[in-house]
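These notes concern the structure reproduced below.
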Amino acid sequence: MSTNKTTPIRSSEITPQQLYLSRREFMKAAGLAGLGLALAACGPQSAVMDPLPTPADLQTAAATDELSDPLTAYDDITTYNNFYEFTTNKERVHLLARDFQTSPWTVEVSGLVHQPRTFDLDDLRRFGEEERIYRLRCVEGWSMVIPWLGFPLAALLRAVEPMGSAAYVAFQTLNDPVQFPGLSSRSYPWPYTEGLRLDEALHDLTILATGLYGQPMPPQNGAPVRLVVPWKYGFKSIKSIVKIELLDYQPATLWSTVAPNEYGFYANVNPEVDHPRWSQSSERRIGELSRRPTLMFNGYAEQVADLYAGMNLRRNY
Ligand SMILES: Nc1nc2c(c(=O)[nH]1)N[C@H]1C(S)=C(S)[C@@H](COP(=O)(O)O)O[C@H]1N2
Ligand SMILES: [Mo]
């Protein structure tokens, strides 16, 4: 029998969610939560990382968003996905995405900018990673709370120096029929495209996400880099981005092209404006039994309502 005082937990028994929560709670308890990135940089030999979480640590872990809603389970976030380039079957996306090649990868930023540039993964890493716990509300009526890692899109846009004439930002997903079996479907105008007004793109809540739950981004969630705009319906948060273009006109987007009467360019979460085929007044939080009311701008009205002052939100849906 081993004389070790502690029983090692096999790493295969610890899920990323447990690791994430236990480390986070440990640092919180030690008053070190704000130093997460600096400590992580010290590497695995760092003493503060040493104690393995006890089962009690894992049970009491309770990270929430700013509304005190618990995080959605890692397993739900990574096995219930919309990523039509793989399949329209949410439960099968993660299976088809397993071997998705996310390296090497480049994001070309062009258009109305003074310093057009192509960023590789090392360039993106230099923008850093901060945690943002955001609600994600799909236009279909379900939602999650996701702890993203990423950096403000504004940081990348400032690096390319937008021209005064730039007013919109267009985004494009990888267009690779070999890796994306869903591209054989002729029902959609591939590649997946999205767009924002420049002031929306520069808002601090808007991030480029490169991970979640303290881990690198899983392919099914849009690796290696995807947009997250938490006050808009989930389809605006385009995955696996390869191209960003600054424009002086509002770009076409996949969903507003497919069904312009159902999906507008703005797509701000709004419980008062129903989808033509269903109500948007409530939502099903994944992992919960009963529905909950949907909040104006997905609960971010205080931060973003000013962007739409004077606009008719029923017409600009
Ligand atoms: N390229 C691409 N991006 C996409 C989609 C997609 O099908 N393709 N689906 C969107 C929709 S409808 C939602 S709700 C979110 C889902 O993100 P998640 O799977 O990380 O929860 O991704 C959005 N981004
Ligand atoms: Mo969605």
Side-chain angles (χ1 to χ4, degrees), residues 16 71-98 100 102 105 107 132-150 153 170-177 179-185 187-196 206-213 215-244 253-259 262-264 267-269 275 277-278 280 283-287 294 298:
L71 303 185
T72 301
Y74 181 84
D75 278 353
D76 286 334
I77 296 171
T78 56
T79 62
Y80 188 83
N81 302 100
N82 272 332
F83 202 158
Y84 278 25
E85 287 89 332
F86 288 110
T87 169
T88 56
N89 180 332
K90 294 188 210 335
E91 279 94 0
R92 285 184 47 78
V93 170
H94 68 108
L95 301 174
L96 295 173
R98 251 188 323 226
F100 186 58
T102 57
W105 191 275
V107 181
R132 300 284 185 100
I133 299 177
Y134 286 158
R135 293 169 291 287
L136 178 117
R137 168 57 157 86
C138 177
V139 75
E140 298 162 343
W142 53 267
S143 63
M144 300 189 184
V145 180
I146 305 180
W148 302 108
L149 291 177
L153 172 62
F171 304 85
Q172 229 177 75
T173 295
L174 179 71
N175 191 17
D176 178 0
Q179 294 213 72
F180 286 146
L183 296 195
S184 62
S185 162
S187 313
Y188 301 96
W190 308 113
Y192 197 102
T193 48
E194 259 308 334
L196 296 172
T206 304
I207 60 168
L208 286 176
T210 49
L212 60 83
Y213 262 113
Q215 308 285 313
M217 188 69 78
Q220 60 270 34
N221 294 93
V225 59
R226 60 92 57 86
L227 185 68
V228 180
V229 194
W231 71 95
K232 292 176 179 284
Y233 290 118
F235 67 81
K236 297 295 290 184
S237 292
I238 180 173
K239 296 176 170 180
S240 305
I241 296 168
V242 293
K243 192 166 153 50
I244 298 177
T253 68
L254 181 137
W255 283 110
S256 66
T257 302
V258 169
E262 299 190 347
Y263 308 106
N268 292 316
V269 174
H275 187 280
R277 291 182 281 134
W278 59 84
Q280 293 292 27
E283 66 202 55
R284 178 172 61 96
R285 179 66 48 85
I286 299 301
T294 286
N298 204 22

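Counting starts at 1 for both ligands and their atoms, in listed order.
With hydrogens and angles disregarded, a donor-acceptor distance shorter than 3.5 Å links the side chain of N298 to the backbone of R135. Judged by distance alone, the side chain of Q280 and the main-chain N or O of V269 form no donor-acceptor pair under 3.5 Å.
Within the 4.0 Å heavy-atom shell around ligand 1 one finds R226.
Nearest protein neighbour of atom 21 (O) of ligand 1, counting heavy atoms only, is L136 CD2, 3.8 Å. Remark: minimum distance from atom 7 (O) of ligand 1 to any protein heavy atom is reached at Y84 N, 2.8 Å. Residue, atom and distance of the protein heavy atom nearest to atom 6 (C) of ligand 1 are Y192 CE1, 3.3 Å. Counting only heavy atoms of the protein, atom 15 (C) of ligand 1 lies nearest to G234 O, 3.6 Å. Considering only non-hydrogen protein atoms, atom 8 (N) of ligand 1 sits nearest to E85 OE1, 2.8 Å. Protein heavy atom in closest approach to atom 24 (N) of ligand 1: S237 O, 2.9 Å.
When the options N82, T78, T72 are ranked by their closest heavy atom to atom 12 (S) of ligand 1, first place goes to N82. Here the shortest heavy-atom distance to atom 19 (O) of ligand 1, taken over K239, Q220, E140, K236, belongs to K239.
Listed by number with element, the atoms of ligand 1 under 4.0 Å from a non-hydrogen atom of C138 are 14 (S). Near N81, the atoms of ligand 1 lying under 4.0 angstrom from a non-hydrogen atom of the residue are 18 (P), 19 (O). Ligand-side atoms of ligand 1 in range of F83: 1 (N), 6 (C), 7 (O), 8 (N), range being under 4.0 angstrom from any heavy atom. With ligand atoms numbered from 1 in the order given, ligand 1 contributes 1 (N) to contacts under 4.0 Å with heavy atoms of T173. Which parts of ligand 1 touch I238 is read off a 4.0 Å heavy-atom cut-off, strictly below it: atoms 3 (N), 24 (N).
Aromatic pair W190/F180: ring centres not closer than 6.0 Å. The six-membered or imidazole ring of Y263 lies away from that of Y233, with a centre-to-centre distance of 6.0 Å or more. Within the 6.0 Å centre-distance limit, the rings of W255 and Y188 are counted as a close aromatic pair.
Distance OH/Y80 to CG/D75: 15.0 Å, rounded to 0.5 Å. The CZ atom of F86 sits 11.5 Å away from the CZ atom of R98 when rounded to the nearest 0.5 Å.
For the pair K232 and E194, the salt-bridge criterion is not met [side-chain N within less than 4.0 Å of a carboxylate O].
Any N or O atom pair closer than 3.5 Å counts here, and W148 shares no such pair with ligand 1.
Neither side chain, K239 nor N221, offers a donor N or O lying under 3.5 Å from an acceptor on the other.
Under the 4.5 Å side-chain criterion, counting only non-hydrogen atoms from C-beta, L96 is not in contact with F83.
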